[in-house]
Each structure stands twice: as structure tokens, then as C-alpha cells.
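All values below were derived from every heavy atom in this structure, side-chain atoms included, with hydrogens, water molecules and symmetry-related copies excluded. Because the structure is a prediction, the values reported are computed rather than measured.
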Amino acid sequence: MLLPAINCAPFSCSLRLTNPISVYSRNVAVAAQASPANSSYSVSDKDLESRGFMLHRTVSDLNLDHLNSVFAAVGFPKRDPDKIRIALENTDALLWIQYGKTQRPVAFARATGDGVFNAIIWDVVVDPSFQGLGLGKAVIERIIEDLLRKGISNIALYSEPRVLGFYRPLGFVADPDGIRGMVYSRKKKKN
């Protein structure tokens, strides 16, 4: 399938999801109109478990310091654990993958929204030591399915331009309606 060109301003792009899959990183706005859930995953739960990975959909057993380490490892700024806790309390869906040998999180994604129509996926990360194993795809496929199961059909995310190619095989195409995301940015005052 040929994908339309992605029209990008310096810090934003708009995409439309035609299959029920998406992701976040930073800087690029991505909009999604999702179709019904498809529970055929690229990596099955059984396959993940046989490779020593455990899926979690709640924050219980999630060590926030370890999660923060994964954030830092992929280039996100270090975050205050209390603020992470508050963000997670206001999260509608989340999925994280733990590696059994270390008991540490190695992949993570969460979504917030209005609980009815719209959701935004945030903080999609895979520990660099575990990239290339299908864990990013695994969290995205499952979090999208969780949102669709709740009846949420408009799913958006932010992504860095360098990882847009990851999302195309998951069903993302340039937004044919030309919708652009915008981000509020307050200028810092000089001292």
C-alpha cells in the first residue's frame, strides 16, 4: 500500500491511523480513527511469556524508579517519581512488560482521555537493550485493543520524526484531512 507523504512543520506532523495501532514519543502529533479491534498480535502473549516477559495492565508491582531509568535510557528527561505516580493515577489504559530475570520494566505505554471518544497515547518506551524484539509492537497493539474495547475510536499520540517509520507498518498514514496538532508552549522568562 502506498502511503501519502507526511507533511511536517518543524515540530509537528499529522497522521491518521487506518488500522487499530499507534504510539507516542515526542514532538509529532498523530491522530487516529481506529477500526474494530483485531486480537491477532504480531507477538503472542504465550511467545512473550516463553521468552521471559510478563505483561501487566496495572501499576501494581511497577517500580517507578526502574520505569524512570527506562525513560532516561531512551532520552526522556528524568521525572519526579511523585509526578509519575500522579500521571499514572490519571491514566485510562496502560501496559508494561517486565523481564522476568531482572524483575524490571523493559517496555511501557499509557493512554489518557475522556473515557468515551478520545484517547492520547503517551510515554511509549522500550529499554534500548530490548529493542528489536517486538516489545514496542506488543505494547502498542495491546493498548490500542484495550482502548477500542472500551469504545474509544479516536486515538492520538505524539512521536519523534525519527521513529515514524515504526508506525507505518502498524497502519499509520498521513492524515488525508490535513489536521494538524498544535502544542502550547510558554516562553521561559529571562532572568
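Looking at heavy atoms from C-beta onward, D127 lies out of side-chain contact with Y99 at the 4.5 angstrom threshold. Contact of the F76 side chain with the D123 side chain is registered, since non-hydrogen atoms from C-beta on lie closer than 4.5 Å. Annotation: side chain of I144 is in contact with side chain of I140 (closest heavy-atom distance under 4.5 Å). Within the 4.5 Å cutoff, side-chain heavy atoms of R110 are placed close to those of L88. Inter-residue side-chain proximity for V59 and L64 is flagged as unmet; no heavy-atom pair is nearer than 4.5 Å. Proximity of F108 to L62: side-chain heavy atoms (C-beta onward) are separated by under 4.5 Å at one or more points. In this structure, D146 and R57 have side chains that are in contact, with non-hydrogen atoms separated by less than 4.5 Å. Put simply, the side chain of N63 does not reach to within 4.5 Å of the side chain of R104, judged on heavy atoms.
Minimum interatomic distance between E141 and V43 (heavy atoms only, all atoms of both residues): OE1-N, 4.3 Å. Taking all atoms of both residues into account, the shortest heavy-atom contact from A87 to T91 is O-OG1, 2.8 Å. Nearest heavy-atom pair across A73 and P128 is O-CG, 3.5 Å. Nearest heavy-atom pair across V139 and A107 is CG1-CB, 4.0 Å.
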For this session: Show your reasoning for whether side chain to side chain contact (heavy atoms under 4.5 Å, CB included) applies to V124 and I143.
Result: CA-CA 10 Å; V124 176; I143 203 160; over 6 Å; no
For this session: For the pair F130 and I97, evaluate side chain to side chain contact (heavy atoms under 4.5 Å, CB included) and give the outcome as yes or no after the intermediate values.
Result: CA-CA 11 Å; F130 293 87; I97 298 176; over 6 Å; no
For this session: Evaluate side chain to side chain contact (heavy atoms under 4.5 Å, CB included) for V74 paired with Q131, printing each intermediate quantity in order.
Result: CA-CA 10 Å; V74 299; Q131 291 177 0; 4.1 Å; yes
Problem set entry | Worked verdict on T102 versus H66 for side chain to side chain contact (heavy atoms under 4.5 Å, CB included) | CA-CA 11 Å; T102 62; H66 293 166; over 6 Å; no
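One hydrophobic cluster, built from ILVMFWY side chains closer than 4.5 Å, cannot hold both M54 and V125; they sit in different ones. Clustering ILVMFWY residues whenever any of their side-chain heavy atoms sit less than 4.5 angstrom apart, transitively, puts F166 in the very cluster that holds I155.
Of the inter-residue distances, the one linking N118 atom CG with S153 atom OG reads 7.5 Å to the nearest 0.5 angstrom. The CH2 atom of W96 sits 9.0 Å away from atom CG of L94, with the distance rounded to the nearest 0.5 Å. Atom CD1 of I120 is separated from atom CD1 of I152 by 11.5 Å, given to the nearest 0.5 angstrom. Atom-to-atom distance recorded for E145:CD and L95:CG is 10.5 Å, nearest 0.5 angstrom. For the atom pair L55 CG and E49 CD, the distance stands at 7.0 Å (nearest 0.5 Å).
Remark: the backbone N or O of F117 is not paired with any side-chain donor or acceptor of N154 at under 3.5 angstrom. Between the side chain of R142 and the backbone N or O of A138, at least one donor-acceptor pair lies under 3.5 Å. In terms of modelled atom types and a separation under 3.5 Å, the side chain of D92 and the main chain of G113 share a donor-acceptor contact.
The pair E89-R85 fails the salt-bridge criterion, with no side-chain N (NZ, NE, NH1 or NH2) lying under 4.0 Å from an Asp/Glu carboxylate O.
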